[in-house]
Protein chains: 2
Amino acid sequence: MDTETAPERIRAAGLKVTAPRSAVLEALSGPGHLDAEAVYERVRQTLPTTSLQAVYGVLAALTGAGLVRRIEPAGSSALYEGRTGDNHHHLVCTRCHTVADVDCVVGEPPCLEPSDAGGFAIHTAEVTFWGLCADCRSETAV
Amino acid sequence: MDTETAPERIRAAGLKVTAPRSAVLEALSGPGHLDAEAVYERVRQTLPTTSLQAVYGVLAALTGAGLVRRIEPAGSSALYEGRTGDNHHHLVCTRCHTVADVDCVVGEPPCLEPSDAGGFAIHTAEVTFWGLCADCRSETAV
DNA sequence: CAGTTGTTTTGGGTGATTCAAAACAACTGC
DNA sequence: GCAGTTGTTTTGAATCACCCAAAACAACTG
């Protein structure tokens, strides 16, 4: 299911296939959470002529198509990840701002109470856990 | 408990009492979620000489002292609210970006699974619900 | 293979926030 | 009360992430 290549997935989403798009999706295929600048650096390694603005444009297109997920933890710039579909949550280190994925801890996959609280029609619940990552814990413990 | 005046609460938190600080805390005493600019505008009404930078400084000081809470929903600039202590959550309208408070829906007040996921020492769980507010719902329904 | 549509490049611009130095004001002890 | 010390506010400028627009360009259509 995830054995499709980046170009295939882009085409399947109804988007035009271009080198920058493939490279960006490739860069986000692994784990991790990258900001636009980090994606740009990775893309440049295989496609040195790509501009930062192109990366912003591609990220917007891929996010809109659901091929990439965008998160924006307080205090960080926007981060992008290739893991989509499941509405997993995030752990953010309060010290170094590292981000880790966490599967839904509360039990129900979407972690969503489809209540009508305050007249809102809720469709997504986003959970962010804040704490100290392993590295920062050991450094702080000293 | 909340009958203390703004200056009293500032002093109790170990901070120097100044006119801008009192005015900012006053501006955030009601419900609602204001960005720095909105706080600035409110403060100017009673203290016209206050600078925007002072507001930023005061907000940082009050946030650090726990008298004010800062949230940063994706797509909005930083918002400040006077309601602190309880770790309540937020509803954000995907269309107009209005923010509403919501008490912990999942049951347990802190909504926090103190698990050690991924080596992190979690201390806070932040939940943001995304949906359409009442106003935007009726406008969209047309 | 030419046309159409949409993407990328290039260059500029904006808004939110932060930084730094100097002027100033709140709390301390006298 | 009053001067000193410490920390705050003002003023002015700078930064960072991100967006906008026009022109050059490339992917898919027939």
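Only this structure's heavy atoms are used, side chains among them; waters, hydrogens and symmetry mates stay out. Since the structure is predicted, the reported quantities are computational estimates derived from the model, not experimental observations. Here is how names work: the chains are called A, B, and so on, in the same order as the sequence lines, proteins then strands, and each is numbered from 1.
- Nucleotide D:dT8 holds its C1' atom 14 Å from the CG atom of B:L59, rounded to whole Å.
- When all heavy atoms of B:R21 and B:K16 are compared, the pair lying nearest together is NH1-O, 2.9 Å.
- Taking atom NE2 on B:H97 and atom P on C:dG15, their separation rounds to 17 Å, with Å as the unit.
- Between B:L52 and B:E37, some side-chain heavy-atom pair lies under the 4.5 Å cut-off.
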Please enumerate all protein N or O atoms sitting under 3.5 Å from an N or O of nucleotides 24-27 of chain C, with distances to 0.1 Å.
residue: C:dA26; atom: O3'; partner: B:V17; partner atom: O; Å: 3.4
residue: C:dC27; atom: OP1; partner: B:R11; partner atom: NH2; Å: 3.4
residue: C:dC27; atom: OP1; partner: B:V17; partner atom: N; Å: 3.0

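- What separates CD1 of A:I10 from C1' of C:dT7 is a distance of 13 Å, to the nearest Å.
- The hydrophobic clustering, which links ILVMFWY residues whose side-chain heavy atoms are closer than 4.5 Å, places A:L34 and A:V24 together.
- A salt bridge links B:D103 to B:R83: one of the charged nitrogens lies within less than 4.0 Å of a carboxylate oxygen.
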Checklist entry - Can you check salt bridge (Lys or Arg N to Asp or Glu O under 4.0 Å) on A:E26 and A:R42, steps first, answer last? => result CA-CA 9 Å; A:E26 206 71 63; A:R42 286 210 187 176; over 6 Å; no
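- Separating the CZ atom of B:R21 from the P atom of D:dT10 is a distance of 12 Å, rounded to the nearest angstrom.
- Annotation for B:V17 and B:S22: closest pair CG1-OG, 4.0 Å, computed over non-hydrogen atoms.
- A salt bridge links A:E72 with A:R70; the closest basic N to acidic carboxylate O contact falls under 4.0 Å.
- Across all strands shown, D:dG30 pairs with C:dC1; the Watson-Crick or G-U wobble distances both stay below 3.5 Å.
- Between the OH atom of B:Y40 and the C1' atom of D:dT11 there is a distance of 12 Å, rounded to whole Å.
- The nucleotide C:dT7 finds its pairing partner in D:dA24, both defining distances of the Watson-Crick or G-U wobble pair being shorter than 3.5 Å.
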N/O-N/O pairs, protein side and nucleotides 18-24 of chain D side, under 3.5 Å:
residue: D:dC18; atom: OP1; partner: A:A78; partner atom: N; Å: 2.9
residue: D:dC18; atom: OP2; partner: A:Y56; partner atom: OH; Å: 2.9
residue: D:dC19; atom: N4; partner: A:Q53; partner atom: NE2; Å: 3.1

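- Counting heavy atoms from C-beta outward, B:H90 and B:I71 have side chains that approach closer than 4.5 Å.
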